[in-house]
Peer 1: 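Before anything else, here's the structure in question.
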Amino acid sequence: MSGYHFREIEAKWQKYWAEQKTFKAKQPEESGEENNPPFYVLDMFPYPSGAGLHVGHPLGYIASDIYARYKRHKGFNVLHPQGYDSFGLPAEQYAIQTGQHPAKTTRDNIKRYREQLDRIGFSFDWDREVRTSNPEYYKWTQWIFIQLFECYYDLDEQQAKPVSELSAIFEKEGNINVIVACDEDTETFSAEDWKAFSDDQKEQILLKYRLTYLAETEVNWCPALGTVLANDEIVNGVSERGGHPVVRKKMKQWSMRISAYAERLLSGLEDLEWTESIKEAQRNWIGKSVGASVKFKVQNYEEVIEVFTTRPDTIFGVSFMTLAPEHELVKKITTEEQKEAVEAYIAETAKRSERDRLADVKTISGVFTGAYAEHPFTKAPVPIWIGDYVLASYGTGAVMAVPCGDQRDYDFAKHFNIPIPNIFKDIDISEQAFSEKEGAVIANSDFLNDLPIKKAIKRAIHEIEGQGFGASKTNYRLRDAVFSRQRYWGEPFPVYYVNGLPKMIEEKHLPLNLPEVEKYLPTESGEPPLGRAEVWAWDTNSNTVVDNEKIDHKTIFPLELNTMPGWAGSSWYMFRYMETEKRDEVFASKNALDYWQNVNLYVGGSEHATGHLLYSRFWTKFLKDRGFINVDEPFQKMINQGMILGESAFVSVQKIVFSVDLNENKDKTEIKDIPEPITFVISNNLAENFNIDKFEDFSINNESLENTIQEIRLKAQQICDKQNSTHINKRGKLKYASLPKYKTYADVNLVNTSNEMDIEGFKKFRPEFKNAEFILDNGKVYSSKEQSDGKFLVSREVEKMSKSKYNVVNPDDVCDEYGADALRLFEMFLGPIDQAKPWNTAGLSGVYGFLKKFWKLYHQGADFFVSENEPSKEAFKVLHQTIKKVNEDIEAFSFNTSVSAFMICVNELQQLKCNDRAVLEPLCILLSPFAPHICEEIWEKLGHSESVEYAPYPVFEEKYLVEDTKTYPISFNGKTRFTLDLSLDLSKDEIEKAVMEDERTQKQLDGRTPKKVIVVPGKIVNIVG
RNA sequence: GCUCGGAUGGUGGAAUUGGUAGACACGUUGGACUUAAAAUCCAAUGGCCAUAUGCGGCCGUGCGGGUUCAAGUCCCGCUCCGAGUACCA
């Protein structure tokens, strides 16, 4: 065996790894003696879609795999698992369309994913695989749900506690003194009240405190689809799919009280090694603002308007109030005169999406309600306006407008000629508001006069609280998360209903398995798909699921029909991988949890910034509170990979169509026999100039194209003439005309690296072009593969990789052609991991060539050969430079530069004709995380019987890199003119002397005397003057 | 609008604390080997100018300023592109 036969090598080692369980992570009890510290590397959970993997998906997996393998070489006990987020909407939609059970399609998809993943040679410990749709897994998702139900959140101690403790407090002192997270509308009650409540009433009240609770939530309901839609599934008020009407509707749904954890979710970000941009996204999402809530009385009404402000110090600057048009008070307080205008404005606002309202800052709009509020301090009347720059969903949906201190209020006031009182001492507000939060002193503000802003805020809150029309308040934008989905393919809630009140199924009877249904659609009456299940009732005697017909509301009760959302299963899966043996008994055993702690390195896309990454932090904190785990954060360090973009291929098309001039058609008989249009598909190099109508203007010198176009015109004219001279004649004259050129997709798999397209393949791919004429790059018309000597070229454009753009590249194809090691290297070589970059298959030959060169280093002719000789100094230097560089790059996740470093290393060793074991053996270890198959093969040939995976990482030794000379760039006025080799031992003065003596220096100076000579030893010499 | 990224040859991208801009690779061109192709190897390759050869010169990291002996890198002001996103009161 001589050449580099990657197919055999890769298959051989993939089999070996699977059989030997090379990547099995050791549990704490197994690893104790060897003292290998644990290290946990995790990829974000893949959803196994029917489309399979494209080359963009494995990018992060390759990076994390390199890191995992690197850590094994460094002596760590690495946990590097993989699994599937296998509940989800696409499988359900496919089931609705085809009637196939989603469990089956999901299994099929997973099988395909696994095959694709296996081909790339990942070092996953597959024995720990999890699938969220497996009952053995979702048993514990249900279990966590129950734990959340049984807890409330103590805001004082910032901790979740059992609800039983809360009812004990209520028993003693009611809810007046408790500082806990609860629904906004919770009323106060005393111990006596509590005791007087019925059991059902008590349950109702406790629901307002539980960390997961039932509540009326406003949703986008689409009756035709029988489901709730996300905001981005609605376009112009109708559903994106099908265009059905959508209505706002209140529905009773499960919610998660994530808002209770707002403060901890915010402060916990500080110690995480995540990118600033993701942390910032979470901070914005949580949206903490500190200020005060202030109540304004409405004149002539009993009502008050409550506002939240971060700037209570500016309260004397209030000259109007603005309510969101949707604010509930608007209808009540609007005067008769203003009614028409207000209603018109509300109707207008309703048409605008929130997106519109926020994107448009230039249009200022609003209407006066005619009503006035009363300033709490001055008692002056304050006009109440409505304006769509205030959103109902944030805060109280009302603003106390301070035009001198807020630019939006300022613009609004200017636009409507509302006074702008200035409450800042010596600050000019004639042009714009003063919105800084420091650097000013308050004026015209009674007791706040002469106070700087920060002190004024404190004083204002003090007065507001003292006079009883407000209090200091911290506001969070973070809302509780709706947890119910009207879907089939998700975790069933372990919940049944007694008198309409939810009861949890006891833990020991879990899992509650997803029932069978005959169809996956909502029921005709609008219930979720589980409403179709015939066996979906809970028997509290036998503790089993029984036939619905047996429901008697005494011992047999209906079960919950909603299922859990996609993020339920993915919010805790990182802990499940830690467990191996006792998965039936616990979600993960204490021992394992204590040992693995949390994920040391998490790799995935940044699109999960405010979804998955926030929810899993929430669940982690909750599980910590309850003592189930002992970490506060799930993912200590995170790397976000960028998207791999596709290079879509396009062809240009122009058509000739025939038509009859109807003006001359006297008898108006039906027109038949009009020839089919003729389609031309034009090679990209000619596309711009190709134009059937105006070939006379043809500017580039291409005779055959000119001829071709003339022929086309001639042919079209002949068709017309022929028809006109015969039967069409009396109905009118047949004419031809060309339509505008347009571009359309070609499948990238039909195009080679030189942008040449396979025309026959294209005809099969787009049958509508079966009879089209193809104009080749030489201007000639394509006739057949054999007879045409020209090429057909496509144009390229970088776009997102997607099926609909025909630019998807499958990793299997790359593995077939170049091998998994080449794929791995190339994905890394493409550019920085976190950047979006286009996939260009042409570059693959570069890394493939590198692998062949690497292989050759260990061979002499056809035979494997390494010498036992002492390597040269140069060879050692090359090796140690590479060790240093690659080591640093891996730690910095700069994998593209480490691939370059390997290329440089191999090129140089080849130059040096180095084939010494003492250099080549460490090099093999060094490369093995990147290209594991080829390195295993060579490692074996080097005489090792064990996998290279656990070979100790080569140690960098500085002594091999020590230099005694430096090639100094000698620059004049900052421009390098020549270089000079000088000893590194020289002092500054000696360097200067040597440089000045060089004749090239004299030539550059041309007799001038330098003003200054800058010498930086070991770096550069710059001569000024 | 705001926040965070980014902009370097024909292409993907390198470049330490400011210190030889364009590493490495693709592509292109030329050459060697071959009946030929593939593969492999060698050479050239930022632009412009100059040049028999040789020695060279000017410009150049989105744009305009600035700091510095020296700026892709630091500062100020813009433009464009990408991602996220709340009129956060």
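Side chains are part of it too, since the values below use all heavy atoms of this structure and drop only hydrogens, waters and symmetry mates. Order of the sequence lines sets the chain letters (A, B, ...), proteins ahead of strands, with each chain counted from 1.
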Peer 1: Quantified in whole Å, what is the P atom distance between nucleotide G13(B) and nucleotide A7(B)?
Peer 2: 9 Å

Peer 1: Between U11(B) and G18(B), how far is it from one P atom to the other, in whole Å?
Peer 2: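 To the nearest whole Å, 30 Å.
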
Peer 1: When you compare A14(B) with G30(B), how far apart are their P atoms, in angstrom units rounded to a whole number?
Peer 2: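 So the two P atoms sit 31 Å from each other.
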
Peer 1: If you measure only the distance, is there a donor-acceptor pair under 3.5 Å linking the side chains of Lys288(A) and Asn475(A)?
Peer 2: no

Peer 1: Using atom P of each nucleotide, how far apart are C74(B) and G82(B) to the nearest Å?
Peer 2: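 That atom pair is separated by 24 Å.
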
Peer 1: Do Ser900(A) and Thr897(A) get their side chains close enough for a donor-acceptor pair, meaning under 3.5 Å?
Peer 2: no

Peer 1: Do we see a donor-acceptor contact under 3.5 Å between the side chains of Asn640(A) and Ser606(A)?
Peer 2: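 Looking only at side-chain atoms, Ser606(A) and Asn640(A) do not form any donor-acceptor pair under 3.5 Å.
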
Peer 1: What nucleotide among A89(B), A23(B), U20(B) has an atom nearest to a side-chain atom of Thr309(A)?
Peer 2: A89(B)

Peer 1: With a 4.0 Å cut-off on heavy atoms, is Asp409(A) in touch with a base, just the backbone sugar-phosphate, or nothing at all?
Peer 2: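 Nothing: the residue Asp409(A), judged by heavy atoms under 4.0 Å, touches no strand.
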
Peer 1: Between C1' on G5(B) and CG on Asn640(A), what's the gap in Å once rounded to a whole number?
Peer 2: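 Rounding to the nearest Å, CG of Asn640(A) and C1' of G5(B) are 12 Å apart.
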
Peer 1: Say you draw a straight line from CZ of Phe320(A) to OG1 of Thr322(A); how long is it, rounded to the nearest 0.5 Å?
Peer 2: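 Atom-to-atom, Phe320(A):CZ and Thr322(A):OG1 are 4.5 Å apart.
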
Peer 1: With syn defined as a glycosidic angle within 90° of 0 and anti as the rest, where does G65(B) land?
Peer 2: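 Anti for G65(B); the angle lies over 90° from 0.
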
Peer 1: Does Asn284(A) make a side-chain N or O approach to OP1 or OP2 of C2(B) shorter than 4.0 Å?
Peer 2: no

Peer 1: Can you list the residues that meet the side-chain hydrogen bond (donor to acceptor under 3.5 Å, both in side chains) rule with Ser289(A), with sequence neighbours excluded?
Peer 2: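 Residues passing side-chain hydrogen bond (donor to acceptor under 3.5 Å, both in side chains) with Ser289(A): Tyr394(A).
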
Peer 1: Please measure how far the C1' atom in A71(B) lies from the corresponding atom in G19(B), and state the result in whole Å.
Peer 2: 10 Å

Peer 1: Taking only side-chain N and O atoms of Lys852(A), does any of them lie within less than 4.0 angstrom of OP1 or OP2 on U40(B)?
Peer 2: yes

Peer 1: Can you tell me the pairing partner of G27(B) across any strand shown, Watson-Crick or G-U wobble, with both distances under 3.5 angstrom?
Peer 2: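 G27(B) is paired with U45(B).
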
Peer 1: From the set C69(B), C24(B), U20(B), return the single nucleotide nearest to any side-chain atom of Ile904(A).
Peer 2: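 Nucleotide nearest to Ile904(A)'s side chain: C24(B).
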
Peer 1: Is Lys853(A) touching bases, backbone alone, or none of the nucleic acid, heavy atoms closer than 4.0 Å?
Peer 2: sugar-phosphate

Peer 1: Going by purine N1 to pyrimidine N3 plus the second Watson-Crick contact, or the G-U wobble pair, all under 3.5 Å, which nucleotide sits opposite U40(B)?
Peer 2: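 Base-paired to A32(B).
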
Peer 1: Sugar-phosphate means primed atoms, P, OP1 and OP2; the rest is base. With that split, encode nucleotides 53-60 of chain B 5' to 3' as B, S or - using protein heavy atoms under 4.0 Å.
Peer 2: --S-SSS-

Peer 1: For U3(B), does either OP1 or OP2 sit under 4.0 Å from a side-chain N or O belonging to Ser277(A)?
Peer 2: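 For U3(B), OP1/OP2 do not have a side-chain N/O of Ser277(A) under 4.0 Å.
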
Peer 1: Roughly how many Å is it from CG in Asp411(A) to P in G1(B), rounded to a whole number?
Peer 2: 13 Å

Peer 1: Both distances under 3.5 Å, Watson-Crick or G-U wobble: report the partner of G77(B), or none.
Peer 2: C63(B)

Peer 1: For G12(B), does OP1 or OP2 lie under 4.0 Å from any side-chain N or O of Lys837(A)?
Peer 2: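 Lys837(A) to G12(B) OP1/OP2: no side-chain N or O under 4.0 Å.
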
Peer 1: Between Ala901(A) and Thr897(A), which has a closest nucleotide on RNA chain B that is more 5'?
Peer 2: Thr897(A)

Peer 1: Paired with C69(B): which nucleotide, if any, by Watson-Crick or G-U wobble criteria at under 3.5 Å for both distances?
Peer 2: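 Its partner is G19(B) (Watson-Crick or G-U wobble, both distances under 3.5 Å).
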
Peer 1: Rounded to whole Å, please give me the gap between CG in Asn840(A) and C1' in U28(B).
Peer 2: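 Spelled out: CG on Asn840(A) to C1' on U28(B) is 14 Å.
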
Peer 1: Is there a Watson-Crick or G-U wobble partner for A14(B) with both distances under 3.5 Å, and if so, which one is it?
Peer 2: none

Peer 1: Rounding to the closest angstrom, what is the interatomic distance between A39(B) and C58(B) at atom P?
Peer 2: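 These two P atoms come out 43 Å apart once rounded.
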
Peer 1: In whole angstrom, what separates Met903(A)'s CE from C26(B)'s P?
Peer 2: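 That distance rounds to 7 Å.
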
Peer 1: Quick one about Asp863(A) and Tyr858(A) (side-chain donor to acceptor, distance below 3.5 Å, no hydrogens or angles considered), yes or no?
Peer 2: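 No donor-acceptor contact under 3.5 Å links the two side chains.
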
Peer 1: Measure CG/Leu857(A) against P/C41(B) and give the value in whole Å, please.
Peer 2: 12 Å

Peer 1: Just compare A89(B), U40(B), G19(B) and give me whichever is closest to any side-chain atom of Lys856(A).
Peer 2: U40(B)

Peer 1: Compare the minimum distances between each of C41(B), C26(B), G19(B) and the side chain of Val1016(A), then state the nucleotide with the smallest one.
Peer 2: G19(B)

Peer 1: Using modelled atom types and a 3.5 Å cut-off, is there a donor and acceptor pairing between side-chain atoms of Lys279(A) and backbone atoms of Leu272(A)?
Peer 2: yes

Peer 1: Just compare A89(B), A15(B), C69(B) and give me whichever is closest to any side-chain atom of Val1024(A).
Peer 2: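 Of the options given, the side chain of Val1024(A) lies nearest C69(B).
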
Peer 1: Side chains of Ser259(A) and Tyr476(A): do they bring a donor and an acceptor to under 3.5 Å?
Peer 2: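 The answer is no; no qualifying pair exists.
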
Peer 1: If we call it a pair only when both distances are under 3.5 Å in a Watson-Crick or G-U wobble match, what pairs with G54(B)?
Peer 2: none

Peer 1: Provide the Watson-Crick or G-U wobble partner of A83(B), both distances under 3.5 Å; none if there is no partner.
Peer 2: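 Looking at the geometry, A83(B) pairs with U3(B).
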
Peer 1: Gln910(A) has a side chain; which of A25(B), C41(B), G27(B) sits nearest to it?
Peer 2: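 The listed nucleotide nearest to Gln910(A)'s side chain is C41(B).
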
Peer 1: When the C1' atoms of G5(B) and A44(B) are compared, how many Å lie between them, rounded to an integer?
Peer 2: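 The same atom, C1', in both gives a distance of 37 Å.
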
Peer 1: Can you tell me which nucleotide in U3(B), G13(B), A89(B) comes closest to the side chain of Glu280(A)?
Peer 2: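 Closest nucleotide to the Glu280(A) side chain: U3(B).
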
Peer 1: Could you work out which one of U85(B), C69(B), A25(B) sits closest to the side chain of Asn1022(A)?
Peer 2: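 That would be C69(B).
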
Peer 1: Of all the nucleotides listed (C26(B), U20(B), C24(B)), which has the minimum atom distance to the side chain of Phe829(A)?
Peer 2: C24(B)

Peer 1: Roughly how many Å is it from CD in Glu306(A) to P in A89(B), rounded to a whole number?
Peer 2: 16 Å

Peer 1: Specify the separation, in whole Å, of atom CD1 of Ile970(A) and atom P of G19(B).
Peer 2: 17 Å

Peer 1: Remember a base hit wins even if backbone is also touched, and classify Ser900(A) as base, sugar-phosphate or nothing at under 4.0 Å, heavy atoms.
Peer 2: base

Peer 1: Looking at the side chain of Ile1014(A), which of U20(B), C69(B), A89(B) is the nearest nucleotide?
Peer 2: C69(B)

Peer 1: Side chain of His375(A), backbone of Ile315(A): donor and acceptor closer than 3.5 Å?
Peer 2: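 Pair found, side chain donor or acceptor close to backbone of Ile315(A).
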
Peer 1: Any side-chain to backbone donor/acceptor pair from Gln282(A) onto Ala609(A)? Under 3.5 Å, distance only.
Peer 2: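 Between the backbone of Ala609(A) and the side chain of Gln282(A) there is a qualifying donor-acceptor contact (under 3.5 Å).
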
Peer 1: Whole-Å distance between U85(B) C1' and Arg477(A) CZ?
Peer 2: 8 Å

Peer 1: Expressed in whole Å, how much space separates the C1' atoms belonging to A21(B) and C59(B)?
Peer 2: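 After rounding to an integer number of Å, I get 14 Å for this pair.
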
Peer 1: Give the ring-plane orientation class for Trp567(A) versus Tyr615(A), where under 30° counts as parallel, over 60° as perpendicular and anything between as tilted.
Peer 2: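 Plane angle under 30°, so parallel.
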
Peer 1: Between Val847(A) and Ser971(A), which has a closest nucleotide on RNA chain B that is more 5'?
Peer 2: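 In this pair, the answer is Ser971(A).
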
